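Worksheet: the structure to be examined is printed underneath.
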Amino acid sequence: MPRSFLFFLFTAALFLLPARCTAQAPPQTPEAAPLSKQVAKLEETVARDERTLQDWPNLARYRDANATIAATPASEARVVFMGDSITDMWPEPRFGEFFPGRPYIGRGISGQTTPQMLIRFRPDVIALHPRVVVILAGTNDIAGNTGPMTLEEIEANLISMSELAHTNGIRVVLSSVLPIYDGGRTSDGKPLIMSDRRPPEKILELNQWIKNYAPHHAEVYLDYCSAMVDDHGFLKKDLSEDGLHPNKAGYAAMAPLAEKAIAAAREKQK
């Protein structure tokens, strides 16, 4: 074979091989996808924090809905549920109907603590003219969602909400804080530890205070805890997926207890 022909083949290969290799997209590094998710999560966190700084108690959440309700005559059976994510999530369709046929209004906001609820108590409860308010709060205070809180400070905020209700002719149902358990899972299957931020002994201590306070101030104590706790003092695992928030079975267990407490509060009005 002539040397000139071999040289031709070698030269052609030099041109063809790089063309074939460079035509392929460079392989994506394993870090690229997680990094983009981290950036997206960071942007979401920054946006949420900015909204919180602008409206710390989140008065805007129910402003329009409140205006619509306030413009209608108040029913004798109207009840407002004030709380955090446990109250916020209750009306979601995946948990079944939220007290079907009842004029009950949910005013929960995920992640909130008692000082935030106290600020929005007037527009989200009093302005709606309910006959009864059901307050479920304290778990996020114990967890320190808005900074360190002593039990005495949580109790003082519950007292303030109760006093505001009484001053405006609204009967009060004070709910126990729900128990927790460790070993629940996030929606993507990651394990969760709840007791590090919500020690069961603090939940029990706050619940004991609520139980003692309510009957001495013409209020009803709604004991969710006793119905949902297991023999070891933790939330029954069949009532929650993550160890904190009720699932459909959890809300099904809570609903009749709430109805009984509301009926008892109405009896106090007679």
Side-chain angles (χ1 to χ4, degrees), residues 79-91 95-96 98-99 102 104 106-108 112-114 117 125 130-143 151-152 154-163 165-166 170-181 194-195 198-240 242-269:
V79 176
V80 172
F81 284 70
M82 166 61 82
D84 47 42
S85 57
I86 295 172
T87 302
D88 196 1
M89 293 165 58
W90 202 335
F95 298 123
F98 181 69
F99 299 98
R102 302 284 194 183
Y104 293 175
R107 285 296 178 265
Q112 283 210 336
T113 56
T114 56
M117 294 180 207
V125 179
R131 292 298 178 266
V132 178
V133 60
V134 179
I135 302 172
L136 172 55
T139 189
N140 292 328
D141 300 68
I142 292 173
L151 290 179
E152 291 76 16
I154 301 170
E155 293 158 7
N157 289 328
L158 291 173
I159 291 171
S160 294
M161 284 189 272
S162 297
E163 290 176 345
H166 286 302
I170 302 168
R171 291 297 179 182
V172 178
V173 173
L174 283 180
S175 310
S176 66
V177 176
L178 270 59
I180 54 90
Y181 75 79
M194 292 296 173
S195 61
R198 295 175 173 84
E201 61 272 18
K202 280 198 171 183
I203 293 174
L204 289 174
E205 189 175 347
L206 179 58
N207 284 345
Q208 187 60 50
W209 178 88
I210 296 171
K211 183 178 181 179
N212 292 337
Y213 177 86
H216 288 93
H217 294 82
E219 298 173 1
V220 176
Y221 175 59
L222 172 46
D223 189 5
Y224 289 131
C225 188
S226 295
M228 303 177 77
V229 71
D230 66 15
D231 294 336
H232 303 286
F234 293 98
L235 178 61
K236 293 177 181 177
K237 293 189 176 181
D238 60 333
L239 301 181
S240 173
D242 64 4
L244 175 63
H245 300 94
N247 56 18
K248 189 173 183 178
Y251 284 117
M254 293 168 66
L257 299 175
E259 287 280 34
K260 184 177 179 180
I262 291 166
R266 286 203 183 100
E267 284 298 314
K268 290 181 180 292
Q269 289 178 303

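The model shown is predicted, which means the values in this text are computed figures rather than measured ones.
Aromatic ring orientation, Phe99 versus Trp90: tilted (interplanar angle from 30° to 60°).
Rounding to the nearest 0.5 Å gives a distance of 12.5 Å between CZ of Arg171 and CZ of Arg266. Here the straight-line distance linking atom CD1 of Ile135 with atom OG of Ser175 works out to 8.0 Å at 0.5 Å rounding. Atom CG of Asn140 and atom CD of Gln112 lie 9.0 Å apart (nearest 0.5 Å).
A donor-acceptor contact shorter than 3.5 Å links the side chain of Asn212 to the backbone of Gln208. Side-chain N or O atoms of Ser240 include one that pairs as donor or acceptor with a backbone N or O of His245 at under 3.5 Å. In this structure a side-chain-to-backbone donor-acceptor pair under 3.5 Å is missing from Asp88 to Arg107. Side chain of Asp141 to backbone of Thr113: no donor-acceptor contact under 3.5 angstrom is found. Between the side chain of Thr114 and the main chain of Gly138, no donor-acceptor pair closer than 3.5 Å is present.
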Extract all donor-acceptor atom pairs below 3.5 Å that involve side chains of residues 251-264 and protein atoms in other chains or at least two apart in sequence.
| from | atom 1 | to | atom 2 | distance (Å) |
| --- | --- | --- | --- | --- |
| Tyr251 | OH | Ile86 | O | 2.7 |
| Glu259 | OE1 | Tyr104 | OH | 2.8 |
| Glu259 | OE2 | Arg102 | NE | 3.2 |

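Looking at residues two or more places apart in sequence or on another chain, you find no ring pair (Phe, Tyr, Trp, His ring centres under 6.0 Å) involving Tyr181.
A donor-acceptor pair shorter than 3.5 Å can be found between the side chains of Glu219 and His166. Side-chain contact of Asp223 with Ser226: a donor-acceptor pair under 3.5 Å is present, judged by distance alone. Inspection of the Asn207 and Ser176 side chains reveals no N or O donor paired with an N or O acceptor under 3.5 Å.
Scanning both residues, Ile180 and Leu244, for their nearest heavy atoms gives CG2-CD1, 3.8 Å.
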